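Right, one structure below, let's go through it.
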Amino acid sequence: MNDQELIEQLLQKSEPAFKWLVESYSKTVFNIILNILQNSDEAEDATQEVFIKIYENISGFRKESALSTWIHRLAVNKALDKLRRKKTRQQLQKIIPWWMPSEKINDTAVFYHPGIIAENKETAARLFKAIDSLPAKQKLVFTLIKIQGMKYEEVSKITGIQVKALESLIGRAKQNLQQKLKNI
């Protein structure tokens, strides 16, 4: 099924088309979100939210880019939104801990990516911790290009950042990661 046929069927709220969309894109959407959030449970929730948003807002797709680019942009935006909310909640927890007593801030939690084989888990955990400590734009761009394997042009369309700027962000991210991993 090509993008145009899929969009037409989604506009008609076709369940088989939506099922096909979810089956085709769920793994990629989940991995994008997982690599940004570094939490499997939150990534699963966010992935479901992305597909709900697609279902409800397919009429808002303007066909200015490929459908996959739009879906990836929704995934990135959902992950970044979740990160912002998490940081806000953590700041509130520090300021007024009695307001959210059941929530605990766990900065020492180690993220073990489910796609990494057992003998590489510790190394991968250190790498993901270092990636998580990068400035926001560097983390996002590094995750999409180096971990997800997206092309610079696609990431440019998703993020709105020019290719040359992406190359610069990747270079700075690599330098920062080398420095951080040297100290670990």
Side-chain angles (χ1 to χ4, degrees), residues 1-11 13-90 109 111-116 124 127-163 165-167 169-170 173:
M1 180 178 318
N2 69 33
D3 282 359
Q4 186 59 38
E5 293 170 344
L6 179 61
I7 292 165
E8 290 301 321
Q9 289 184 25
L10 290 172
L11 286 168
K13 303 297 183 192
S14 164
E15 286 185 37
F18 185 69
K19 182 179 179 186
W20 187 88
L21 175 85
V22 172
E23 289 172 354
S24 299
Y25 287 96
S26 62
K27 189 173 184 177
T28 303
V29 168
F30 175 77
N31 283 327
I32 288 170
I33 295 171
L34 177 64
N35 287 321
I36 294 170
L37 296 180
Q38 297 188 6
N39 180 304
S40 295
D41 293 333
E42 288 181 25
E44 284 179 25
D45 290 343
T47 299
Q48 290 177 0
E49 292 172 24
V50 166
F51 284 103
I52 290 168
K53 186 167 187 160
I54 292 168
Y55 186 79
E56 292 174 345
N57 298 310
I58 190 67
S59 61
F61 176 59
R62 291 182 241 133
K63 301 174 187 162
E64 295 171 354
S65 62
L67 180 63
S68 61
T69 301
W70 183 66
I71 292 170
H72 294 156
R73 185 180 309 127
L74 291 174
V76 167
N77 289 343
K78 178 56 73 177
L80 294 176
D81 184 50
K82 291 257 184 203
L83 280 179
R84 282 189 291 273
R85 287 182 185 174
K86 182 178 179 181
K87 286 181 182 179
T88 300
R89 292 180 72 78
Q90 287 175 344
F111 172 65
Y112 291 105
H113 194 288
I116 307 295
L127 176 60
F128 277 106
K129 185 175 181 178
I131 292 169
D132 197 41
S133 69
L134 289 172
K137 280 188 179 179
Q138 288 179 25
K139 176 184 174 184
L140 174 63
V141 170
F142 187 86
T143 298
L144 294 176
I145 293 172
K146 295 300 182 182
I147 297 176
Q148 287 300 125
M150 292 183 178
K151 295 187 180 334
Y152 282 84
E153 293 76 19
E154 184 178 10
V155 173
S156 177
K157 289 177 185 175
I158 291 170
T159 61
I161 301 171
Q162 297 293 321
V163 173
L166 291 174
E167 292 169 350
L169 284 168
I170 287 290

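Keep in mind the model is a prediction, meaning the values are calculated, not measured.
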Partners passing side chain to side chain contact (heavy atoms under 4.5 Å, CB included) against Ser156 (at least two apart in sequence or in another chain): Val163, Leu166
Not counting sequence neighbours, which residues clear ring-ring contact (aromatic ring centres under 6.0 Å, His included) with Phe142? List them please. none
Side chains of residues 22-29: which donor-acceptor partners sit under 3.5 Å, not counting sequence neighbours?
residue	atom	partner	partner atom	Å
Ser24	OG	Trp20	O	2.8
Ser26	OG	Val22	O	2.9

If you define the side chain from C-beta out and look only at heavy atoms, does anything of Val155 sit under 4.5 Å from Ile161? no
Does any non-hydrogen side-chain atom of Met150 lie less than 4.5 Å from one of Ile158? yes
Enter the distance from Lys137:NZ to Leu169:CG here, rounded to the nearest 0.5 Å. 7.0 Å
Within the 3.5 Å criterion, strictly below it, is a donor on Asn35 or Gln148 matched to an acceptor on the partner's side chain? yes
If the condition is ring-ring contact (aromatic ring centres under 6.0 Å, His included), which residues does Tyr152 pass it with, not counting sequence neighbours? none
Of all the heavy-atom pairs spanning Ala130 and Ser133, show the shortest one and how long it is. O-OG, 2.7 Å
Apply side chain to side chain contact (heavy atoms under 4.5 Å, CB included) to Gln4 and list each qualifying residue two or more places apart in sequence or on a separate chain. Asn2, Glu8, Lys63
What distance separates Ile36 CD1 from Lys139 NZ, expressed to the nearest 0.5 Å? 7.5 Å
Value for OG1 (Thr143) from CD (Gln138), rounded to nearest 0.5 Å, stands at 11.0 Å
Is the backbone of Leu10 close enough, under 3.5 Å, to the side chain of Ser14 for a donor and an acceptor to pair up by distance? no
Quick one: side chains of residues 42-62, donor-acceptor pairs under 3.5 Å with protein atoms, not counting sequence neighbours, listed by atom name and distance.
residue	atom	partner	partner atom	Å
Thr47	OG1	Ala43	O	2.7
Glu49	OE1	Lys78	NZ	3.1
Glu49	OE2	Lys82	NZ	3.1
Asn57	ND2	Lys53	O	3.2

Just so I know, are the side chains of Ile71 and Leu21 near enough to count as touching, which here means a heavy-atom distance under 4.5 Å? yes
Between the CG atom in Leu140 and the CG atom in Leu80, the distance rounded to the nearest 0.5 Å is 5.5 Å
Should we count NZ of Lys151 as having more than 12 external heavy atoms under 6.0 Å? no
Is any side-chain heavy atom of Asn77 less than 4.5 Å from a side-chain heavy atom of Asp81? no
Going by heavy atoms in the side chains, are Ser65 and Arg73 under 4.5 Å from each other? yes
With a sphere of 6.0 Å drawn around CD of Glu167, does it hold more than 12 non-hydrogen atoms of other residues, nucleotides or ligands? yes
